[in-house]
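Following: one structure in structure tokens, then a few remarks.
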Amino acid sequence: MKKIIIVELNNYHTECIYAQVLYLSKSGFSVEVICSQKTFKHVEYLKDICPVKSYDFSKTPSFLKLWWYLLHQKNSITVLNTAQGNKVLKLLTLPTFNKVKYYGLIHNLKKLETSNGQKIISKKINQYLVIADYLKESPIAIKNGVTSINTSIFPTTDPFQDITKRENIWITIPGNIELKRRDYHWIIDVCSSNKLPNNIKFILLGNASKGDGRTIIERIKKEKLEDHFIWFDSFIDQKEFNGYIQRSDYLLPLLHETSSEYILYKTSGTFSLSEAFSKPMILHSNFRILKKYYCTEFYSDIPEFIHLISHQPTIKCKPYDFEKNRIQYLKALQLI
């Protein structure tokens, strides 16, 4: 039986691991997950499906231990869940003597063009994968022979009951509050400059006590917009997170209308959540190219945006096609 080892050296992108484990385990392959000690708590639940172990990748000996381990795994391939960055470079500069076959998820295609370290990494990668089908068609991906997989599956949890929605329309902005990722000031400007229906609620579904959270919450309070926003001052566990997504009417990636990088070389986690939970997204019409791939409503200006969020969605989202995406993943790893 061929063994697939999924390795995450960094402290992020663990949300991409669950789908891969499911695809492989349900296809009869042996799977193992290796991650950093800091992210072990995020994937520990996978122990019910496959072995999970961790290393302290802040220390060089851990790279040597992992390298030695991979060298001695016969009939196996290694999938780097994040195939970019200094930690990956450190591992891949160690000789493999053609005994380790690496595949890698690339989360920023631009690095293939601009990073010298990535060019070194590329020499060891058998196949790069992106987690959004539309990125496979970008010029950088075509030039570098990148293929796509879909990891838009999240662990199922028991229904979260402690949510009162009433007749409100929920527009949810998932993820940690980071200004470099999302245009929070734009949505505050919309709320402060326009009279919105009282039942419209924007849910900031991330820990507002960290990152840029305090800055954004202070501005919401300064503008006296608390009635239109719901936020959280601590970590949101998976059960509660899923509960709010499931009850949301729309998901709002909150990308700036000129953020062309989310078309050309990287994707947003909200795209995956939309697909996984069959929830419509709201995007500026500059992103209309994504209509082919995602369940999305578009607006061209602020009045159109306000009209859109003032009504329940009429668009129907398709359910996630597990079997199609399982086959696509196996083909990407050349397992079928």
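Just so we're clear, the structure is a prediction, and the values are computed from it rather than from any experiment.
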Do the side chain of D212 and the main chain of T215 share a donor and acceptor less than 3.5 angstrom apart?
-> no

For the rings on F241 and F154, is their centre-to-centre separation under 6.0 Å?
-> no

Same cluster (ILVMFWY, side-chain, under 4.5 Å), L94 and L71 | yes

Just by distance, do the side chain of K165 and the backbone of R247 share a donor-acceptor pair under 3.5 Å?
-> yes

Establish, from distance only, whether the side-chain atoms of E137 and Y293 form a donor-acceptor pair under 3.5 Å.
-> yes

Residue pairs fulfilling side chain to side chain donor-acceptor pair (under 3.5 Å) with at least one residue in residues 123-134, sequence neighbours excluded = Y103-N126, Q118-Y128, S122-Y128, N126-Q334, D133-S148, D133-Q328, Y134-T267

Please answer whether the main-chain N or O of T270 pairs with a side-chain N or O of S274 as donor and acceptor at a distance below 3.5 Å.
-> no

Heavy-atom donor-acceptor pair, E257 side chain to N286 backbone, under 3.5 Å = no

Less than 4.5 Å apart, any side-chain heavy atom of K331 and any of I327?
-> yes

Compute the ring centroids of F63 and F57, then answer whether they are less than 6.0 Å apart.
-> yes

Side-chain heavy atoms of E113 within contact of K143, under 4.5 Å | yes

Report yes if some heavy atom in the side chain of Y262 is under 4.5 Å from a heavy atom in the side chain of L290; otherwise report no.
-> no

If two hydrophobic side chains count as joined below 4.5 Å and joins carry through other members, does L205 share a cluster with I230?
-> yes

Side chain to side chain, Y250 and Q312, heavy atoms closer than 4.5 Å = no

May I ask you to check whether over 12 heavy atoms, not counting those of I336, lie within 6.0 Å of atom CD1?
-> yes

Can you say whether the rings of H107 and H13 are parallel (under 30°), tilted (30 to 60°) or perpendicular (over 60°)?
-> parallel

Under 3.5 Å, side chain of N10 to main-chain N/O of Y12, donor-acceptor pair present?
-> no

Say whether, by atom type as modelled, one donor and one acceptor occur between the side chain of K279 and the main chain of Q246 under 3.5 angstrom.
-> yes

Flag if over 12 foreign heavy atoms under 6.0 Å of CG, N75 | yes

S27 and R326: side chain donor to acceptor below 3.5 Å | yes

Would you confirm whether R182, through its side chain, and N176, through its main-chain N or O, come within 3.5 Å as a donor-acceptor pair?
-> yes

Close side-chain approach of L333 and Y23, heavy atoms under 4.5 Å | no

Supply the atom-to-atom distance I171 CD1 to S310 OG, rounded to the nearest 0.5 angstrom.
-> 8.0 Å

Is there a donor-acceptor contact under 3.5 Å from the side chain of D237 to the main chain of K239?
-> yes

Taking all atoms of both residues into account, what is the closest heavy-atom pair of L252 and P174, and its distance?
-> O-CD, 4.2 Å

side-chain contact (heavy atoms from CB on, under 4.5 Å) partner of V33, chosen from V52, I49, I5 | V52

Got a sec, which pairs hit ring-ring contact (aromatic ring centres under 6.0 Å, His included) with one end in residues 156-197, sequence neighbours left out?
-> W170-Y244, W186-Y299, W186-F305

Is it true that E223 and R219 make a salt bridge, defined as a side-chain N closer than 4.0 Å to a carboxylate O?
-> yes

Find out if a path of hydrophobic residues (ILVMFWY) with successive side-chain heavy-atom gaps under 4.5 Å connects I106 to F271.
-> yes

Got N150 and E275 here, is their nearest side-chain heavy-atom distance under 4.5 Å?
-> yes

Could you tell me whether E32 and K53 have a side-chain N and a carboxylate O separated by less than 4.0 Å?
-> yes

Would F298 and I173 show up in the same hydrophobic cluster when neighbours are defined by side-chain heavy atoms closer than 4.5 Å?
-> no

Are E261 and L264 side-chain neighbours, meaning at least one heavy-atom pair lies under 4.5 Å?
-> no

Should L91 and V88 count as side-chain neighbours, where that means a heavy-atom distance under 4.5 Å?
-> no

Do you reckon L105 sits in the same ILVMFWY cluster as L112, going by side-chain contacts under 4.5 Å, direct or chained?
-> no

Just distance, no hydrogens or angles: give the donor-acceptor pairs under 3.5 Å from side chains in residues 196-204, sequence neighbours left out.
unit_1: N199; atom_1: ND2; unit_2: E167; atom_2: O; d: 3.3
unit_1: K201; atom_1: NZ; unit_2: D227; atom_2: O; d: 2.5

T93 side chain to L89 backbone, donor-acceptor under 3.5 Å = yes

Look only at the side chain of W67 and the backbone of P95, and say whether a donor-acceptor pair between them is shorter than 3.5 Å.
-> yes

Distance-only donor-acceptor check, side chains Y329 and Q20, under 3.5 Å = yes

Distance from F40 atom CZ to L46 atom CG, nearest 0.5 Å?
-> 9.5 Å

So does K2 have more than 12 non-hydrogen atoms from other groups sitting under 6.0 Å from NZ?
-> yes

No-hydrogen, no-angle side-chain donor-acceptor test under 3.5 Å, S36 and N11 | yes

